[in-house]
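What follows is a single structure, written as structure tokens, with notes after it.
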Amino acid sequence: MVRKGIKDKVAIIGCDATKYGERWDKNQYDLLFEAAQGAFGDAGITKDDIDAVWVGIFYYFTGLSGSTVEDILKLGGKPVTRTENYCASGMDAFRNACFAVASGAYDVVMACGVEKLMDEGSSGLPGFKIFGHPVFPTPSAPAMFSMAATRCFHEFGWTREDLARVAVKNHSNGVHHPKAHFRSEITIEQALRAPMIADPLGRFDCCAKA
Amino acid sequence: MIGIKSYGAYLPKYLLPRKLIGKAWDFPVVPGTKAIAQADEDSLTMAVEAGIDCLHGIDPKSIDGLYYATTTQVYTEKDTSSFIAAVLDMRDDIVTADFTDSLKSGTTAVARAVDTIKANENISSILVLAADSREPEPATMWEYGFSDAAAALLISDDENIPISIEDTFSVSANITGPWKRREKDQFIRTFEVKMDARFYFESVLKVINSILEKNNLKPADIQHAAYYYNNPKMHTGISKRVGFERGAAQNGLFFQIGDVGTPMPLMLLISALRRPDEDANVLMVGYGNGADAILMKVRDRKAVRQLGKTRLGVNGYQKSMKQLKNYNVYLENRELLEKDRYTRKSSAVTMWRDSDSVLRNYGLKCKNCGAIQYPVIHRSCYVCQADDQLEKIKLSFKGELFTFTLDHLVGGTYLDTPVPRCVIDLEGGGRVLMNMTEIEKPEENVEIGMPVELTFRKEHEGADFINYYWKCRPVRGRPD
């Protein structure tokens with residue numbers, strides 16, 4: 001098999017994102033509409049110029065199919081594909097949209113992703129009651145990743161302070177970004193003092209629900 | 001010769017000091033402690049533990065039956081003996097039965113096991129398990145007594161039996177109390193405890209005197225007597241009125257462990273068998289709507305003492321028990337406090353299909369490279385990627401922590417929050433993800449490399465079905 005790749009075959013002509021935050025006054029349709037309109041504006045096109053859409057959604061309460069896009073954008077019957085691949089669902093929407101253009105099947109497509117975690121009503125990431133094996137233990141998402149941290153600390157001598165530096169850097173970047181969820185600096189001490197979510201990952205080591 | 005080939009016991013990790021009960025309700029203080037099962041335990045899980053203890057070094061596939069005795073069935077339709085037989089990895093061409101509704105059902109199961117073996121050429125051994133986890137009504141004197149435990153006796157027809165069973169005798173009595181109606185009562189009721197005591201003395205004295213007379217024995221001929229009692233006055237009362245020699249009546253359990261119900265006479269017997277007299281005559285008596293007596297004889301004192309060394313038994317588990325510091329923990333554990341509880345879904349199909357892993361603790365070994373993986377759902381080796389080269393292999397009940405996290409987000413009760421999620425490397429191979437139970441201050445006490453034992457527990461009761469699975473616990477000393 002000859003691997004040709006997609007280098008120089010696809011270009012991003014416009015993009016946008018909503019502001020990160022708790023956004024209680026918006027639903028998933030509002031967010032999708034806002035991001036899509038922004039991207040169309042950025043590219044200088046209208047929704048009539050796109051041929052197809054790929055959308056990344058993980059949780060069923062945000063949307064079970066591509067119709068989530070059609071419901072709000074009213075594309076008039078253009079094909080919409082939903083990708084679902086855990087936290088990489090949005091990434092995979094983008095990847096497959098690129099393949100569609102590279103293949104020559106379409107000229108202009110939109111890749112988007114949407115999730116409205118706040119609307120489901122649970123604390124932490126929802127869903128552990130309803131998916132996975134019914135008997136084997138179901139750690140929370142931070143718990144799954146923190147088991148790797150525990151072992152790495154043990155094997156490589158890393159510490160919570162090493163993780164805290166990542167959180168401090170991320171917050172520092174957020175200060176300068178108007179769409180960031182948190183726009184204040186934190187110190188290493190603050191990060192270390194934060195409440196535990198799943199040892200050794202504290203609150204600043206985990207994604208905020210947005 | 002039919003007799004007891006092996007025994008085992010289980011006591012939960014925690015003891016509730018009676019002074020905490022007294023303090024909680026402004027009651028007169030009663031001395032001692034009682035054994036308290038955790039929120040993830042019930043009579044079934046405790047019986048599994050006693051079974052594991054009893055079958056140490058014995059192939060479960062060599063046993064021809066399992067009788068289970070309890071007054072605290074987890075289901076009223078769906079038996080427990082067949083479930084436990086599956087968890088203990090026994091064969092399926094065996095006899096199983098539940099003996100229930102009376103506190104004497106433990107001794108009844110022993111007597112009926114003897115009869116079953118006598119009557120059937122193809123049945124030569126039956127594992128008898130007794131377990132109870134009775135619910136006393138809070139703020140009543142019952143609370144000082146009722147406690148949780150399990151015991152196991154392997155009844156077998158063997159040439160070299162350490163303790164032979166010489167005879168059994170039963171009496172039946174229609175008593176007025178205590179009772180518990182099937183659906184309408186959450187707790188056990190009674191009219192009059194003095195009347196209950198009278199019933200007790202009548203049946204127990206009658207069954208003891210009858211079996212002694214039938215076997216031409218005098219009370220002084222009994223070296224060890226293990227009989228059910230639920231308060232110390234009953235214990236000394238029986239001993240005096242029968243006329244046992246001083247020290248023959250096995251004592252000590254009530255003050256430390258409480259009234260464990262159905263397994264009580266079996267546990268007293270197991271305690272007595274730690275240091276049996278040579279050629280001792282041993283009597284075990286169960287009480288409840290009548291009484292059973294089992295007359296035994298020590299045939300091989302050395303072998304009996306050896307059993308004590310290779311099993312945790314009553315004494316081994318007692319050593320690692322800890323006192324609760326807080327009465328409320330007990331209320332929460334028994335779900336006597338209203339609380340929003342974390343539930344999951346259940347699947348009868350998955351529970352049945354994956355029972356080799358979920359219940360029997362099997363993994364898969366690669367015929368190509370020897371790698372062991374878990375659970376029994378894989379088709380390809382995770383090391384050499386070979387397809388369809390995997391065969392089932394029984395995994396160890398011991399291991400050490402490879403990594404862990406303490407989960408503050410999902411699940412947990414007072415005693416296990418944050419929930420330790422543990423990746424365990426089992427002895428001999430197999431890496432499994434299980435929660436840890438019986439761990440205090442996990443922030444200080446859980447660490448990579450710590451040795452753990454697997455213990456069978458309730459995982460969750462989603463969809464009103466009880467999902468059981470293995471957890472790990474800090475070592476309580478299960479022998480190698």
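The structure presented is a predicted model; accordingly, all values stated were derived computationally and were not measured. Values below: all heavy atoms of this structure, side chains included; hydrogens, waters and symmetry mates excluded. Below, chain A is the first sequence line, B the second, and so on; all start at residue 1.
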Q.
Does atom CG (B/Asp464) have a neighbourhood of more than 12 heavy atoms from anything else shown, all under 6.0 Å?
A. no
Q. Heavy-atom distance under 4.5 Å to chain A: side chain of B/Phe402, backbone, both or neither?
A. both
Q) Would the number of heavy atoms belonging to other residues, nucleotides or ligands and lying under 6.0 Å from CD1 of A/Ile6 be above 12? A) yes
Q.
Heavy-atom cut-off 4.5 Å, strictly under: side chain, backbone, both or neither for B/Asn467 against chain A?
A. side chain
**Q.** A/Phe33 atom CZ: more than 12 heavy-atom contacts under 6.0 Å
**A.** no
Q.
Counting only heavy atoms from other residues, nucleotides and ligands, does the tally under 6.0 Å from OH of B/Tyr75 exceed 12?
A. yes
Q. A/Asp199 and B/Thr405: side chain to side chain donor-acceptor pair (under 3.5 Å), yes or no, with the steps?
A. CA-CA 5 Å; A/Asp199 284 53; B/Thr405 182; 6.0 Å; no
Q. Got B/Tyr374 and A/Phe136 here, is their nearest side-chain heavy-atom distance under 4.5 Å?
A. yes
(Q) Between A/Pro195 and chain B, with a heavy-atom cut-off of 4.5 Å, which part of the residue counts as in contact: side chain, backbone, both or neither? (A) neither
Q) In Å and rounded to the nearest 0.5 Å, what is the CZ to NE2 distance from B/Arg344 to A/His133? A) 9.0 Å
(Q) For residues 185-196 of chain A, which residue pairs pass the salt bridge (charged side-chain N to carboxylate O under 4.0 Å, His left out) check, not counting sequence neighbours? (A) none
Q. In this structure, are over 12 heavy atoms from other groups packed under 6.0 Å from B/Lys365 atom NZ?
A. no
Q: For B/Arg421 and A/Met144, indicate whether the former's side chain and the latter's backbone hold a donor-acceptor pair under 3.5 Å.
A: no
Q. Chain B contacts: which residues in residues 70-95 of chain A have a non-hydrogen atom closer than 4.5 Å to it?
A. none
Q) Hey, is NZ on A/Lys179 packed in by over 12 heavy atoms from elsewhere, all under 6.0 Å? A) yes
**Q.** Over 12 non-hydrogen atoms of neighbours within 6.0 angstrom of CZ in A/Phe145
**A.** no
Q) So, B/Asp407 side chain and A/Ala143 main chain: donor-acceptor pair closer than 3.5 Å or not? A) no
Q: Would you give the length of the straight line joining atom OG1 of A/Thr138 to atom CG of B/Leu433, rounded to the nearest 0.5 angstrom?
A: 9.5 Å
Q. Short question: side chain of B/His460, backbone of A/Pro137 - any donor-acceptor pair under 3.5 Å?
A. no
Q | B/Thr350 side chain near A/Val135 side chain, heavy-atom distance below 4.5 Å | A | no
**Q.** Heavy-atom side-chain contact between A/His154 and B/Ile448 under 4.5 Å
**A.** yes
Q: Write down the atom of A/Pro134, the atom of B/Ser347, and the distance for their closest heavy-atom approach.
A: CG-CB, 3.7 Å
(Q) What part of B/Pro375 gets within 4.5 angstrom of chain A, counting heavy atoms only: side chain, backbone, both, or neither? (A) side chain
Q) Is there a donor-acceptor pair under 3.5 Å between the side chain of B/Thr403 and the backbone N or O of A/Met147? A) yes
